[in-house]
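Have a look at the structure below, then the notes.
All figures in this text were calculated on a predicted structure; none of them were measured in a lab. Both counts, for ligands and for their atoms, begin at 1 and track the order of listing. In this chain, numbering begins with 1 at the start of the sequence shown.
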Amino acid sequence: MKFTPAADGEAVAAESNGRRTQRPKGIDEKTFARAVREFTTIVGDRNVSVSPAELVPYAHDVIMVPPIWPSAVVRPGSVAEVQRVVRTANRLRIPLWPTSTGKNIAYGRMMAVEPGNVVLDLGRMNRILEVNEKLAYAVVEPGVTYAQLYKHLRDHNLPLWLDPPATAPGAGPLGNTVERGVGYTPYGEHFLFSCGMEVVLPDGRLLRTGSGALPGSRTWHIFKWGYGPYLDGLFTASNYGIVTRLGIWLMPEPPAYRPILMTCDHEDDIVAIMDFLRPLKVSHLLPSAVVVAHALLALAAEAEYPRDLTGGTRPVPEDWIRNEARRRMLGIWNIAGCLYGSEPVVNELAETVRRRAAADLPQATLLDVDAARQSPYWDHKVRNMTGVPSMIEYSRLSWRGGGNAFVAPVVPLFGEEARKHMEIARPIFWKHGFDYIGEFIAASRDQHHVMMLLHKQPDEMPRAMACYRELTDAFCDAGYLPYRTNVAFMDHTMRRLDPVFQAVCGQIKRALDPNEIIAPGKNGIRGTTPRPVGTARTRATGPARRAGGPRRATVRASRSGAGRRRGRAR
Ligand code: ADP
């Protein structure tokens with residue numbers, strides 16, 4: 001392996017063909033070279049690289065920021081190797097950025113928050129460790145993909161369903177779950193349906209969560225709570241450890257299912273649609289996630305972007321949307337949910353939904369499922385709701401020129417709330433010259449308002465960045481938190497949260513990872529997270545203080561001296 005050391009300073013470590021990789025911040029050339037040598041001893045020559053050509057995929061996503069170059073990639077093949085790599089990194093203060101299947105598209109993919117991290121690519125650890133047919137669960141390593149697990153279930157004729165996310169058969173249950181991703185069957189809240197983790201801690205120790213804490217445990221992946229505190233949540237949407245094993249519950253294949261596919265033709269119908277869905281979702285009568293997608297979301301995957309009509313700076317005209325939608329069995333709003341059970345139960349439930357729709361949503365058209373599945377969009381939706389990974393959502397990326405960033409705030413499940421959200425979002429998209437391309441995904445009590453900021457790369461990057469920032473702030477100002485953001489906005493979003501919450505996240509980071517070697521800045525969590533100024537000021541951040549809107553915490557803590565003392569936040 002050829003290692004090109006940096007000339008000097010922290011920034012540029014290697015340069016080739018105009019591409020740059022970076023050494024970790026604060027790490028000198030000698031230490032970095034030593035780390036690379038030690039990593040190579042642990043995982044083998046072929047599984048370490050500092051070559052810019054090999055680092056390209058780890059430096060890019062389709063989001064609106066320039067590449068963030070790592071310093072190296074290391075690909076361990078076992079938990080023991082992960083532990084050894086982590087111990088070396090901890091000793092030499094080398095930041096590691098874990099990635100499992102690496103398809104975190106439009107949220108950052110395999111990009112770190114900061115340049116210079118060593119990407120810990122866990123893709124080689126791709127064993128399905130167990131599938132228990134009778135208790136309907138699987139245990140997977142980080143590199144297992146949805147497509148791989150799907151094939152395994154089919155090959156072994158196991159009557160169990162997965163819950164794939166919309167975007168990628170190549171994504172995986174472990175990576176998606178630790179990011180608290182969602183799917184579309186009744187098992188759509190992935191973290192809720194996960195059970196039992198194995199985690200390599202920043203000092204290299206191995207933690208088994210939940211029931212797994214008992215040596216020889218016979219219930220690790222079937223009883224979530226174990227004994228004592230429930231720790232699993234700490235290792236989701238955070239940077240406190242590296243998850244190397246996860247139990248996921250699988251849905252027993254039902255004897256029958258019935259997709260409910262409906263369209264509505266007016267923008268204002270969103271209020272009635274969400275109010276119609278709320279009782280069905282809260283009661284769990286309609287157990288799948290129910291997607292209510294705007295026509296443009298489906299069209300962006302199937303139709304050509306009409307640049308001649310927009311000049312690339314104006315929203316796509318409504319007439320065009322209506323015409324294109326009509327040709328594809330789409331309405332302005334497109335509703336997809338699914339019922340499961342025995343044949344008579346499914347028939348009975350379908351009749352109940354039909355009667356309620358006739359009463360509460362008379363403007364809706366109920367589609368014939370077989371006919372609708374001729375359209376790629378509806379077919380994709382049915383696949384998603386019946387455990388079959390499907391690719392079609394990828395094609396949206398070429399709609400406007402290769403760029404996408406997801407904006408994904410969470411909203412109470414009321415029609416008026418959805419309307420209010422559209423009123424906040426659309427003018428901001430339009431002001432920046434982008435289209436509103438969104439969907440409301442009804443879960444049991446909330447709706448995820450997922451919007452795609454499709455833009456041209458790289459020309460529209462600054463505009464897209466400004467748009468994303470304005471959307472994030474507008475939603476936070478109105479009390480709606482994103483459930484997930486892309487790496488470029490993790491710090492920004494965390495700074496919108498209550499200072500006590502920020503401080504506690506920082507305290508946990510300092511306790512588990514004092515040298516900040518795991519994914520620095522992930523979800524805005526840093527050992528140096530700005531802390532409130534002293535106890536008295538912290539108390540003042542109660543309701544009275546918050547009433548005036550979010551407040552930025554004052555940066556006081558430093559990495560040494562007083563700043564390293566245990567936090568005082570209450
Ligand atoms: P997917 O391919 O399913 O989208 P990724 O492998 O891209 O999943 O992971 C999504 C994100 O989750 C990554 O950006 C990373 O920050 C985090 N992550 C991935 N794998 C791990 C892991 N094993 N331990 C901790 N965090 C992880």
Which residue holds the protein heavy atom closest to [atom], what is that atom called, and what is the gap in Å?
atom                    : result
atom 8 (O) of ligand 1  : Gly175 CA, 3.5 Å
atom 14 (O) of ligand 1 : Asn104 ND2, 3.5 Å
atom 24 (N) of ligand 1 : Val243 N, 2.9 Å

State whether [Y] and [X] meet the cation-pi test: NZ (Lys) or CZ (Arg) under 6.0 Å from the six-membered ring centroid, and within 45° of the perpendicular axis.
X      : Y      : answer
Lys381 : Tyr184 : yes
Arg154 : Tyr150 : yes
Arg463 : Phe434 : yes
Arg484 : Tyr107 : yes

Short N-O contact, [X] and [Y], less than 4.0 angstrom:
X      : Y      : result
Arg93  : Glu516 : no
Glu114 : Arg526 : yes
Glu54  : Arg75  : yes
Asp491 : Arg495 : yes

ask   = So between Gly123, Gly172, Ala106, whose heavy atom ends up nearest atom 3 (O) of ligand 1?
value = Gly172
request  = Pick whichever of Ala237, Pro98, Ala112, Gly181 has a heavy atom sitting closest to atom 26 (N) of ligand 1.
outcome  =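 Going through Ala237, Pro98, Ala112, Gly181 one by one, Pro98 has the nearest heavy atom to atom 26 (N) of ligand 1.
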Does ligand 1 have an atom under 4.0 Å from some heavy atom of [X]?
X      : value
Pro165 : no
Gly102 : yes
Ala519 : no
Met110 : no
Phe235 : no

Counting the benzene-type ring for Trp, do [X] and [Y] have ring centres under 6.0 Å apart?
X      : Y      : value
Trp249 : Tyr137 : no
His380 : Tyr377 : no
Phe440 : His294 : no

ask   = Taking it one step at a time, do His455 and Trp399 satisfy ring pair (Phe, Tyr, Trp, His ring centres under 6.0 Å)?
value = CA-CA 8 Å; His455 57 283; Trp399 162 255; over 10 Å; no
Can you sort out which atoms of ligand 1 are near [X], meaning under 4.0 Å from one of its heavy atoms?
X      : result
Arg109 : 14 (O)
Leu174 : 23 (N)
Ser100 : 6 (O), 19 (C), 20 (N), 21 (C), 22 (C), 23 (N)
Ile242 : 24 (N)
Glu179 : 10 (C), 11 (C), 12 (O)
Ala171 : 1 (P), 2 (O), 3 (O)
Leu122 : 23 (N)
Lys522 : 16 (O)

query = If you measure every N/O of Thr101 against every N/O of ligand 1, is any gap under 3.5 Å?
reply = yes
query = Taking both backbone and side-chain atoms of Arg484, is any N or O found less than 3.5 Å from an N or O belonging to ligand 1?
reply =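 No, Arg484 has no N/O under 3.5 Å of an N/O on ligand 1.
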request  = Quick one: look at Val178 and ligand 1, take heavy-atom pairs under 4.0 Å, and tell me if it's side chain, backbone, both or neither.
outcome  =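 For Val178, the contact with ligand 1 is made by the side chain alone.
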task = Go through Asn486 and Asp61 one step at a time and tell me if the side chain to side chain contact (heavy atoms under 4.5 Å, CB included) criterion holds.
result = CA-CA 10 Å; Asn486 71 59; Asp61 185 19; 5.6 Å; no
